[in-house]
Amino acid sequence: MEPIAKKWYDNLGQGKIMGTKCLDCGAFTFPPLTVCRKCNSRNIQWQEISGKGTLIMYSSTILPAKKFTKYAPIPYGIVKLEEGPCFFTKIEGADVSSTEAIIKGNEQLPVEVKAEIQQVEGVNIVAFRK
């Protein structure tokens, strides 16, 4: 059986953002796991996400990993996917230039966002854009 992380990154490399759907209870899990988060079933299948979500809140990193310090401050937030799960990820288009900007931006939430695949330092990641 192919490791789930490898399959996740291989799919990102092909332009697909995938999660897993339980064939027993119908729950959607994102990021994908080998077991359903709701009922613990292993009867799952890979399914591409719609890419639609709602930004619930955001902030910025204080100390990103050393590899990413040149990108700081990096806006990160919680996105509730159309499929149900919440995902903590990079948010494009969010103003994190100051504490005041972050507070003001959060006062305007929730807003619709769209998923995109980005390559950062040689790694494909899932980000959402306002």
Side-chain angles (χ1 to χ4, degrees):
M1 184 170 169
E2 182 177 35
I4 198 159
K6 181 180 181 329
K7 191 166 185 174
W8 159 259
Y9 285 107
D10 285 351
N11 277 307
L12 289 178
Q14 296 170 13
K16 297 178 187 174
I17 305 172
M18 306 294 285
T20 49
K21 184 171 183 171
C22 180
L23 298 176
D24 290 334
C25 76
F28 191 82
T29 301
F30 185 85
L33 295 172
T34 57
V35 61
C36 174
R37 279 194 177 126
K38 185 174 179 184
C39 73
N40 296 320
S41 171
R42 292 194 175 274
N43 189 18
I44 58 166
Q45 69 180 15
W46 286 83
Q47 180 178 316
E48 192 166 3
I49 69 166
S50 67
K52 298 176 184 174
T54 303
L55 179 60
I56 305 299
M57 64 78 57
Y58 73 89
S59 191
S60 68
T61 57
I62 296 170
L63 295 170
K66 186 176 181 181
K67 184 176 189 176
F68 303 107
T69 55
K70 67 182 173 187
Y71 302 104
I74 303 170
Y76 280 93
I78 298 174
V79 173
K80 182 166 178 58
L81 300 178
E82 182 177 75
E83 292 80 2
C86 289
F87 185 53
F88 184 72
T89 191
K90 183 179 177 193
I91 306 298
E92 291 293 342
D95 184 357
V96 293
S97 61
S98 67
T99 302
E100 293 77 20
I102 293 170
I103 291 169
K104 184 178 178 183
N106 274 282
E107 289 171 349
Q108 298 170 8
L109 300 179
V111 296
E112 300 303 309
V113 290
K114 182 73 175 154
E116 59 185 44
I117 299 169
Q118 297 179 353
Q119 191 171 81
V120 181
E121 295 298 313
V123 177
N124 287 322
I125 65 164
V126 177
F128 280 79
R129 184 171 297 278
K130 284 179 66 181

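Along the sequence shown, residues carry numbers from 1.
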If I compare all heavy atoms of [X] with all of [Y], which pair ends up nearest, and what's the gap?
X: Gly15; Y: Glu48; result: O-OE2, 4.2 Å
X: Lys130; Y: Val111; result: CE-CG2, 4.1 Å
X: Ile49; Y: Ala115; result: CD1-CB, 4.4 Å
X: Ile117; Y: Lys16; result: CD1-N, 3.8 Å
X: Ile74; Y: Pro64; result: CD1-CB, 4.0 Å

Does atom [atom1] of [X] have more than 12 heavy-atom neighbours, drawn from other residues, nucleotides or ligands, at distances under 6.0 Å?
X: Lys114; atom1: NZ; result: yes
X: Lys21; atom1: NZ; result: no
X: Tyr9; atom1: OH; result: no

Original post:
Are the side chain of Asn43 and the backbone N or O of Cys22 linked by a donor-acceptor pair below 3.5 Å?
Top reply: no

Single-linkage hydrophobic cluster [X]~[Y], side-chain heavy atoms < 4.5 angstrom:
X: Trp8; Y: Ile44; answer: no
X: Leu23; Y: Trp46; answer: no
X: Ile4; Y: Val35; answer: no
X: Ile17; Y: Leu33; answer: no

Subject >> Criterion side-chain contact (heavy atoms from CB on, under 4.5 Å) on Leu109 and Tyr58, from CA distance to verdict >> reply: CA-CA 9 Å; Leu109 300 179; Tyr58 73 89; 3.9 Å; yes

Quick one: pull up [atom1] in [X] and [atom2] in [Y] and give me the separation to the nearest 0.5 Å.
X: Arg129; Y: Leu55; atom1: CZ; atom2: CG; result: 13.0 Å
X: Lys6; Y: Asn11; atom1: NZ; atom2: CG; result: 10.0 Å
X: Gln45; Y: Met18; atom1: CD; atom2: CE; result: 9.0 Å
X: Ile56; Y: Ile78; atom1: CD1; atom2: CD1; result: 8.0 Å
X: Ile125; Y: Gln119; atom1: CD1; atom2: CD; result: 10.0 Å

Original post:
Should the ring pair Phe30 and Phe28 be called parallel, tilted or perpendicular, given that the plane angle runs from 0 to 90° and is split at 30 and 60?
Top reply: parallel

Using residues 81-91 as the side-chain source, report each donor-acceptor pair under 3.5 Å to any protein atom, sequence neighbours left out, with the distance given to one decimal.
residue, atom, partner, partner atom, Å
Glu82, OE1, Ser50, OG, 3.0
Glu83, OE2, Ser50, N, 2.5
Glu83, OE2, Ser50, OG, 3.2
Thr89, OG1, Val126, O, 2.4
Lys90, NZ, Glu92, OE2, 3.0
Lys90, NZ, Gln118, OE1, 3.0

Subject >> SB check Glu121 Lys67 (cutoff 4.0 Å) >> reply: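 No.
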
Original post:
Would you say Gln47 and Thr20 make side-chain contact, with heavy atoms under 4.5 Å?
Top reply: no

